[in-house]
A.B. asks: 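Below are the structure tokens for one structure; questions will follow.
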Amino acid sequence: MRNKKVHITIIVILAIILGASLYYAYPFQSSIQLGLDLKGGTQLILKPVQQGSEEVTEESLNQAMFIIRDRIDALGISEPLITRDYSENIVVQLPGVSDPDRAIEVIGKTAQLEFRIVESVAETGEVQLGPVLMTGDKLASSQAGYNSNGQIVVSMSFTSEGQEQFSEITAENIGKQLAIVLDGEIKSAPVINTAITSDAVIEGITSLEEANDIALVLQTGALPVNLEIEENKTVGPTLGRDALTKGLYAGFIGLILIVIFMIVYYRGLGLISVINLAVYIIIFWGILAGIGAALTLPGIAGIILTIGMAVDANVIIFERIKEELKKEKSARMSINEGFRHGLRTIVDANITTLITAAALYRFGTGPVRGFAVTLSIGVVISMLTSLVFSRSIIYMLAGFRPVASPKFLGMWKKRGES
């Protein structure tokens, strides 16, 4: 009786998990974001460049990745993938971005803000700047908009310390030009008429989009390292659609062949295995949709691989059940023994796979990591569905005489026959 209650509880838990998975997975065609290789888009490889005595450190690269993510989020680009390759390069994948010019301009901009006094202007128009009096680290916020004359500007407010420093600088340099320099380019150089105790503004901006971009990079802060674009690659959506179609087609054909084999060879147990496989796919899809994972082509390969592993676990268990039936044991006892003997083999095999997936995720880049993630999720789900859920379902069904018959359990010959 106790075993029966345990199995009923497990089936109820399964029903709850299935309901939650269907909630996140519906509708199936749009519940999961597609990665760069399937949806198309842009991939940037940014190489850190050392300047002067400043070294590129692990901390500075991690901070740069954090700032880049903030900038991409502000641009409204969904499901970006920002990783590191084997060297110090930062790899940025932007699915769905077919015109990368603005993204490149915003992502790679160092955003080093400086305030300098203009010392002289040559006849050629060349401006001599004085020493840096203040930098953007004292900036509290920035915002694009219009001034009272309808001109496009970026207003900048400072921290309390920065406001005090900026007020002193302007008070000491009345009548001079204050150059506002962003990444070595003079954005504006207004004449200081009085000490400025309010916000500073950048003028002379030609478009509101440019103003928004300047405000964005100032708001997210300066990159701690200088980055050069090592590679800029655009993947067309047509190639991605073809890859997705072929991947799904291959998976569908493989799934049909598995279903036919399991039902023909294992009969009733094979049918339960097919139901178990459907449960596996729904839970898998629900988890991917729930965590907001981007599906890539290697990810599809990982899904197909774990489908085979889920069926492989069932094959091991079913063969053990048939061996116990040949020993003239009852259906329920054979089922218990089959799962007990198959448990260690299945767990050992799946643990080694998880170790491999962990290594791939730790040392791999974007697509390889996608494969490792789907492989890991699939292995865990397959163990739950094969060793826990299917066991409870088979155990409860074994109480019915037709299900407990040797034929339903996949026995091709009568007991006692060699």
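Here the structure is a predicted model, which means the values were calculated and not measured.
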A.B. asks: Which is it for L288 and I377 under the side chain to side chain contact (heavy atoms under 4.5 Å, CB included) test, yes or no, and what are the steps along the way?
C.D. replies: CA-CA 9 Å; L288 290 181; I377 294 174; 4.0 Å; yes

A.B. asks: Rounded to the nearest 0.5 Å, what's the gap from OH on Y266 to CD on E319? Could you check?
C.D. replies: 3.5 Å

A.B. asks: Is the shortest heavy-atom distance from the side chain of V315 to the side chain of M262 under 4.5 Å?
C.D. replies: yes

A.B. asks: Any idea which heavy atoms bring V153 and Y146 closest together, and the distance?
C.D. replies: CG2-C, 4.0 Å

A.B. asks: Could you walk me through whether I283 and L18 pass side chain to side chain contact (heavy atoms under 4.5 Å, CB included), step by step?
C.D. replies: CA-CA 6 Å; I283 294 176; L18 273 176; 4.2 Å; yes

A.B. asks: When you check the gap from the basic side-chain N to the acidic O, do E114 and K187 get nearer than 4.0 Å?
C.D. replies: no

A.B. asks: Roughly how far, to the nearest 0.5 Å, is the CE atom of M333 from the CD1 atom of I321?
C.D. replies: 13.5 Å

A.B. asks: Between E324 and H341, does the side chain to side chain contact (heavy atoms under 4.5 Å, CB included) criterion hold? Intermediate values first, please.
C.D. replies: CA-CA 10 Å; E324 298 302 321; H341 288 297; 3.9 Å; yes

A.B. asks: Would you mind reporting whether N314 and L277 have side-chain heavy atoms less than 4.5 Å apart?
C.D. replies: no

A.B. asks: Look at the side chain of E88 and the backbone N and O of E58, then say whether any donor-acceptor pair between them is shorter than 3.5 Å.
C.D. replies: no

A.B. asks: Is the shortest side-chain heavy-atom distance between V379 and I351 below 4.5 Å?
C.D. replies: no

A.B. asks: Calculate, to the nearest 0.5 Å, the distance between atoms OG and CG belonging to S207 and D213 respectively.
C.D. replies: 8.0 Å

A.B. asks: With the side chain counted from C-beta on, respond yes when F166 and L178 share a heavy-atom pair under 4.5 Å apart, and no when they do not.
C.D. replies: yes

A.B. asks: Working to the nearest 0.5 angstrom, can you tell me the gap between I317 CD1 and L269 CG?
C.D. replies: 10.0 Å

A.B. asks: Just checking F261: does its CZ atom have more than 12 heavy atoms from other residues, nucleotides or ligands closer to it than 6.0 angstrom?
C.D. replies: yes

A.B. asks: Side chains of K47 and L227, heavy atoms from C-beta outward: is any pair under 4.5 Å?
C.D. replies: no

A.B. asks: Between I260 and I256, is there a side-chain heavy-atom distance shorter than 4.5 Å?
C.D. replies: yes

A.B. asks: Quick one: closest heavy-atom pair of M156 and F115, and the distance?
C.D. replies: CE-CZ, 4.0 Å

A.B. asks: Please check: side-chain N/O of T170 versus main-chain N/O of I196, any donor-acceptor pairing under 3.5 Å?
C.D. replies: yes

A.B. asks: Passes salt bridge (Lys or Arg N to Asp or Glu O under 4.0 Å), R340 versus E337? Steps please.
C.D. replies: CA-CA 5 Å; R340 187 174 68 86; E337 289 297 307; 2.8 Å; yes

A.B. asks: Determine whether T385 and S390 make a side-chain contact, defined as any pair of heavy atoms from C-beta on separated by less than 4.5 Å.
C.D. replies: no

A.B. asks: Tell me yes or no: between the side chains of S157 and S141, is some donor less than 3.5 Å from an acceptor?
C.D. replies: yes

A.B. asks: Are any of the side-chain heavy atoms of T206 and I152 separated by less than 4.5 Å?
C.D. replies: no

A.B. asks: Can you tell me if N350 uses its side chain to pair, donor with acceptor, with the backbone of I346 under 3.5 Å?
C.D. replies: yes

A.B. asks: Tell me the closest heavy-atom pair linking V154 and A211, and the distance in Å.
C.D. replies: CG2-O, 3.4 Å

A.B. asks: Mark yes or no for whether N147, through its side chain, and N149, through its backbone, hold a donor-acceptor pair below 3.5 Å.
C.D. replies: yes

A.B. asks: On a heavy-atom basis, which atom in V347 and which in M383 lie closest, and how many Å separate them?
C.D. replies: CA-SD, 4.4 Å

A.B. asks: Using a 3.5 Å distance criterion without hydrogens, assess whether the side chain of N173 forms a donor-acceptor pair with backbone atoms of K176.
C.D. replies: no

A.B. asks: Backbone N or O of G130 within a donor-acceptor pair of the R116 side chain at under 3.5 Å?
C.D. replies: yes

A.B. asks: Does a donor on one side chain sit under 3.5 Å from an acceptor on the other, for S60 and T57?
C.D. replies: yes

A.B. asks: Does atom CD (E228) have a neighbourhood of more than 12 heavy atoms from anything else shown, all under 6.0 Å?
C.D. replies: no

A.B. asks: Between T306 and Y280, do the side chains contain a donor N or O and an acceptor N or O under 3.5 Å apart?
C.D. replies: yes

A.B. asks: Check Q165 against L133 and note the closest heavy-atom contact, atom names and distance.
C.D. replies: NE2-O, 3.0 Å

A.B. asks: About how many Å separate CG of L354 and OG of S376, when rounded to the nearest 0.5 Å?
C.D. replies: 5.5 Å

A.B. asks: Do the side-chain N and O atoms of S167 and Q163 include a donor-acceptor pair separated by under 3.5 angstrom?
C.D. replies: no

A.B. asks: Where is the tightest heavy-atom contact between T374 and F284, given as atom of each residue plus distance?
C.D. replies: O-CZ, 3.3 Å

A.B. asks: Step by step, work out the side chain to side chain contact (heavy atoms under 4.5 Å, CB included) result for I72 and I68.
C.D. replies: CA-CA 6 Å; I72 292 173; I68 288 172; 3.8 Å; yes

A.B. asks: Checking S21 side chain against G286 main chain: does a donor-acceptor pair fall under 3.5 Å?
C.D. replies: no

A.B. asks: Has S155 got a side-chain atom pairing as donor or acceptor with Q143's backbone, closer than 3.5 angstrom?
C.D. replies: yes

A.B. asks: At what distance, to the nearest 0.5 angstrom, does CG of L44 lie from CG of N89?
C.D. replies: 12.0 Å

A.B. asks: Quick one: does T352's side chain have a donor or acceptor within less than 3.5 Å of a partner on A349's backbone?
C.D. replies: yes

